[in-house]
Amino acid sequence: MANDYRLRFAPSPTGPLHIGGARSALFNYLLAKKNGGTFLMRMEDTDLERSTKESEENIKDSLRWLGMDWDEGIDVGGDCGPYRQTERLPLYQDAVDKLLETGKAYYCFCSEEELAQEKEEQLSRGETPRYGGKCRDLSKEQQQALLAKGIKPVVRLRVPAGETVVIDDEVRGEVSFETDGIGDFIIVKSDGIPVYNFAVVIDDHTMGISHVIRGEEHLSNTPRQIVIYDALGYEKPRFAHISLILGRDDVGKLTKMSKRHGSTSVVAYKEQGFLPEAIVNFLALLGWAPGGEQELFTLDELKQEFSLDRVSKSPAVFDLEKLKWINGMYIRNASGERLLRYGLPFLKKAGLIGEEPTTEEMIWAMRVIDALKNHISCFAELPEIIEKYRAEIAYSPEVMESLKECREEALIVLKAMKEKLEKTPSITVDSYKKLLKEIAKETEIKGRNLYHSLRVAKTGEEQGPDLDKISIILGRELMLKRLNAFIKIFQRMA
RNA sequence: GGCGCGUUGGAGAAGCGGCUGAACUCACCAGCCUUUCACGCUGGCAUUCAUGGGUUCGAAUCCCAUACGCGUCACCA
């Protein structure tokens with residue numbers, strides 16, 4: 001049992017699953033899976049004010065959507081339940097009682113104002129703010145008296161002075177802190193709810209957690225937790241603190257990833273049309289680097305490849321361009337069926353097809369998605385591209401200039417296409433290709449001379465997706481309209 | 001301010017004292033392929049690893065300072 005890998009993801013349900021949280025979850029998940037261990041999920045909802053059911057559901061949904069199913073924990077059960085901290089209060093109470101009895105913890109009756117003032121004074125003197133120890137040695141009688149006055153005390157841990165706590169971190173190596181910089185901190189709030197740092201220790205211990213992988217922002221919490229482990233005589237898990245995810249703001253400054261860097265929640269990316277496997281792949285690359293040249297990994301491959309010693313100490317920067325690239329790669333390789341499933345909602349939302357698409361609309365959607373799959377990096381771009389091609393176009397002088405060289409051929413091709421189109425009832429990739437072939441044969445024009453003028457006439461651009469694919473987007477009517485208009489403009493050109 | 005962590009090209013990021021090509025990816029540029037463009041493929045893209053000192057026969061890699069950046073110092077997690 002001692003060597004069993006038991007890793008956990010323990011979010012607090014105070015908001016949707018954040019990109020950083022998803023990455024922490026992923027690393028824990030991967031290390032567990034790599035070693036044939038257990039991945040569990042626990043809800044840290046001791047912040048009564050901010051915790052919501054809605055957030056909890058969002059987190060669970062997002063995690064499942066990404067493919068990280070947990071073997072034990074909330075909703076699925078297990079031997080170490082319950083898996084929601086507010087349901088584990090008796091467990092914490094036992095531990096607190098134990099510490100109180102042995103004198104390793106004590107009641108503190110100081111008011112918040114008192115504490116705030118103390119802190120301010122220490123700060124102004126340039127000291128590390130910490131509890132001065134006023135209630136440290138209150139007698140039983142003094143405590144009773146204060147209790148009788150109706151003051152609700154907090155419980156503080158008696159932190160040994162003058163000691164050095166060394167964390168042997170799996171990614172950062174040895175990191176040490178002085179207990180003198182910590183001070184007697186609160187482990188139970190005045191409402192009787194234990195504080196995060198205390199509850200985690202009890203939970204991780206009773207759940208048999210072997211490795212704790214979490215964000216670097218927790219590094220300075222770790223010495224506190226270690227002091228608790230020691231006070232309780234618990235064996236400590238291995239710790240691994242992974243670097244923060246940074247975002248670049250408008251002025252190019254790097255700071256911890258937050259709202260102002262764009263979307264931070266997993267659902268937001270889902271709604272923009274990112275594939276779960278692409279997000280997982282991208283997240284894995286944030287702070288972890290594979291040994292070889294491969295960049296694209298499935299979850300199963302990651303389970304094989306992942307290891308903590310390839311996790312970087314320096315912060316990872318969230319690079320949306322890279323995410324888009326990865327997503328584009330997955331889109332190109334996805335099956336037509338899956339593409340349709342993911343793409344359809346975006347077409348519906350844009351009003352390009354109805355809520356209950358007809359067979360014709362479905363066929364059109366399939367064709368459009370297939371036509372554009374090499375050109376999009378996420379599904380939200382699908383309607384954008386379609387609308388772009390359907391919008392009014394202006395022919396720029398530069399583009400017109402590019403047609404000068406093949407003026408004569410262009411005119412022949414354009415007219416031929418117009419005529420053929422008029423006789424063709426509907427346009428598909430194949431029928432359009434056929435038209436082109438006929439024109440090529442009849443006019444003996446080929447290559448750039450054949451394609452360029454048509455592209456310009458239809459899109460106003462010099463490059464883009466295949467013309468047969470664009471034809472589907474535009475449809476017969478629009479193409480004819482543009483062709484007619486363009487031929488007129490073109491003929492006027494000297 | 002105390003404590004902690006980090007600093008490699010336009011961007012992400014390998015490298016952990018001696019395979020002097022500082023990998024790989026994105027972006028960019030050039031060429032090839034394709035009856036056009038794109039996709040794809042091939043090639044180019046840091047005499048240099050924040051700066052200054054040291055240690056060493058040898059340092060991006062170890063040590064010390066400096067600078068800059070970030071995190072954290074809650075009855076939030």
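Each chain gets a letter, A, B and so on, in the order the sequences are listed, and its residues count up from 1.
- An OP1 or OP2 oxygen of B/C26 is reached within less than 4.0 angstrom by no side-chain nitrogen or oxygen of A/Lys324.
- For A/Lys434, there are no salt bridge (Lys or Arg N to Asp or Glu O under 4.0 Å) partners two or more places apart in sequence or in a different chain.
- Closest to the A/Val175 side chain, of the nucleotides B/C5, B/A74, B/A77, is B/C5.
- Between the CD1 atom of A/Ile167 and the C1' atom of B/U72 there is a distance of 12 Å, rounded to whole Å.
- Looking at heavy-atom distances under 4.0 Å, A/Val317 makes contact with sugar-phosphate atoms alone, never a base.
- When distances are taken from the side chain of A/Ile186 to each of B/C75, B/G6, B/G12, the shortest belongs to B/C75.
- Ranking B/U7, B/U25, B/A77 by closeness to the A/Ser12 side chain, first place goes to B/A77.
- Close to B/G15, at under 4.0 Å from its OP1 or OP2, lies a side-chain N or O of A/Arg310.
- Residues satisfying the ring-ring contact (aromatic ring centres under 6.0 Å, His included) criterion with A/His375, sequence neighbours excluded, are absent altogether.
- For B/C37, the glycosidic angle deviates from 0 by more than 90°, giving an anti base.
- Within residues 188-207 of chain A, the residues having any heavy atom under 4.0 Å from RNA chain B are, by residue number, A/Lys189, A/Ser190, A/Tyr196.
- Distances from the side chain of A/Asn221 to the nucleotides B/C5, B/A77, B/C75 place B/A77 closest.
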Do any N or O atoms of the protein come closer than 3.5 Å to N or O atoms of nucleotides 67-71 of chain B, and which pairs are they?
{"residue": "B/C70", "atom": "OP1", "partner": "A/Lys253", "partner atom": "NZ", "Å": "3.4"}

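- Looking only at atom types and distance, the side chain of A/Asp203 has no donor-acceptor partner in the side chain of A/Tyr83 under 3.5 Å away.
- Side-chain proximity of A/Arg50 to the nucleotides B/C76, B/U35, B/C75 is greatest for B/C76.
- The stretch residues 158-179 of chain A participates, sequence neighbours left out, in these salt bridge (Lys or Arg N to Asp or Glu O under 4.0 Å) pairs: A/Asp137-A/Arg158, A/Asp168-A/Arg238, A/Glu170-A/Arg238, A/Arg172-A/Glu216.
- Closest-nucleotide positions on RNA chain B for A/Glu44 and A/His452 were compared, and the one nearer the 5' end corresponds to A/His452.
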Short N/O separations, protein against nucleotides 38-44 of chain B, under 3.5 angstrom:
{"residue": "B/C39", "atom": "O3'", "partner": "A/Arg332", "partner atom": "NH1", "Å": "3.3"}
{"residue": "B/G40", "atom": "OP1", "partner": "A/Arg332", "partner atom": "NH1", "Å": "2.9"}

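- Between the side chain of A/Thr222 and the main chain of A/Leu219, a donor-acceptor pair closer than 3.5 Å is present.
- One can find a donor-acceptor pair under 3.5 Å joining the base of B/C37 and the side-chain atoms of A/Arg455.
- One P atom belongs to B/C16, the other to B/C33, and the distance between them is 41 Å to the nearest Å.
- RNA chain B is contacted by both A/Thr46 and A/Gly181; A/Gly181 maps to the nucleotide lying nearer its 5′ end (nearest heavy atom per residue).
- A/Asn197 and A/Gln225 share a side-chain donor-acceptor pair at under 3.5 Å.
- A search for ring-ring contact (aromatic ring centres under 6.0 Å, His included) contacts involving A/Phe318 returns A/Tyr269, A/Phe282, not counting sequence neighbours.
- In this structure A/Asp94 satisfies the salt bridge (Lys or Arg N to Asp or Glu O under 4.0 Å) test with no other residue, sequence neighbours excluded.
- Using a 4.5 Å heavy-atom threshold, the side chains of A/Val159 and A/Arg130 count as separate.
- The nearest whole Å value for the distance from the CD1 atom in A/Ile182 to the P atom in B/A74 is 12 Å.
- Between A/Phe185 atom CZ and B/C3 atom C1' there is a gap of 16 Å when expressed in whole angstrom units.
- Annotation: ring-ring contact (aromatic ring centres under 6.0 Å, His included) contacts of A/Phe27 (sequence neighbours excluded): A/Phe306.
- For the pair A/Ser471 and A/Lys458, the minimum side-chain heavy-atom distance is below 4.5 Å.
- Enclosure of atom CD in A/Gln304 is not indicated, since only 12 or fewer non-hydrogen atoms of other residues, nucleotides or ligands lie within 6.0 angstrom.
- Below 30°, between 30° and 60°, or above 60°: for A/Phe109 and A/Tyr107 the angle between ring planes is between 30° and 60°, a tilted geometry.
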Checklist outcome for this item: Each base of RNA chain B marked ( ) or [ ] if paired in-strand (Watson-Crick or G-U under 3.5 Å), | if paired to another strand and . if unpaired gives ((((((((.[[[..)..(.....]]].(((((.......))))).....[[[[[..)....]]]]])))))))....
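- Partners of A/His218 under the ring-ring contact (aromatic ring centres under 6.0 Å, His included) rule, at least two apart in sequence or in another chain, are A/Tyr196.
- Residues in residues 366-391 of chain A take part in these salt bridge (Lys or Arg N to Asp or Glu O under 4.0 Å) pairs, two or more places apart or across chains: A/Asp370-A/Lys373, A/Lys388-A/Glu461.
- Distances were taken from every side-chain heavy atom of A/Ala289 (C-beta onward) to each of B/G12, B/C75, B/A14; the shortest belongs to B/A14.
- Proximity note for A/Asp47 (side chain, C-beta onward) versus B/A77, B/G4, B/C26: the nearest is B/A77.
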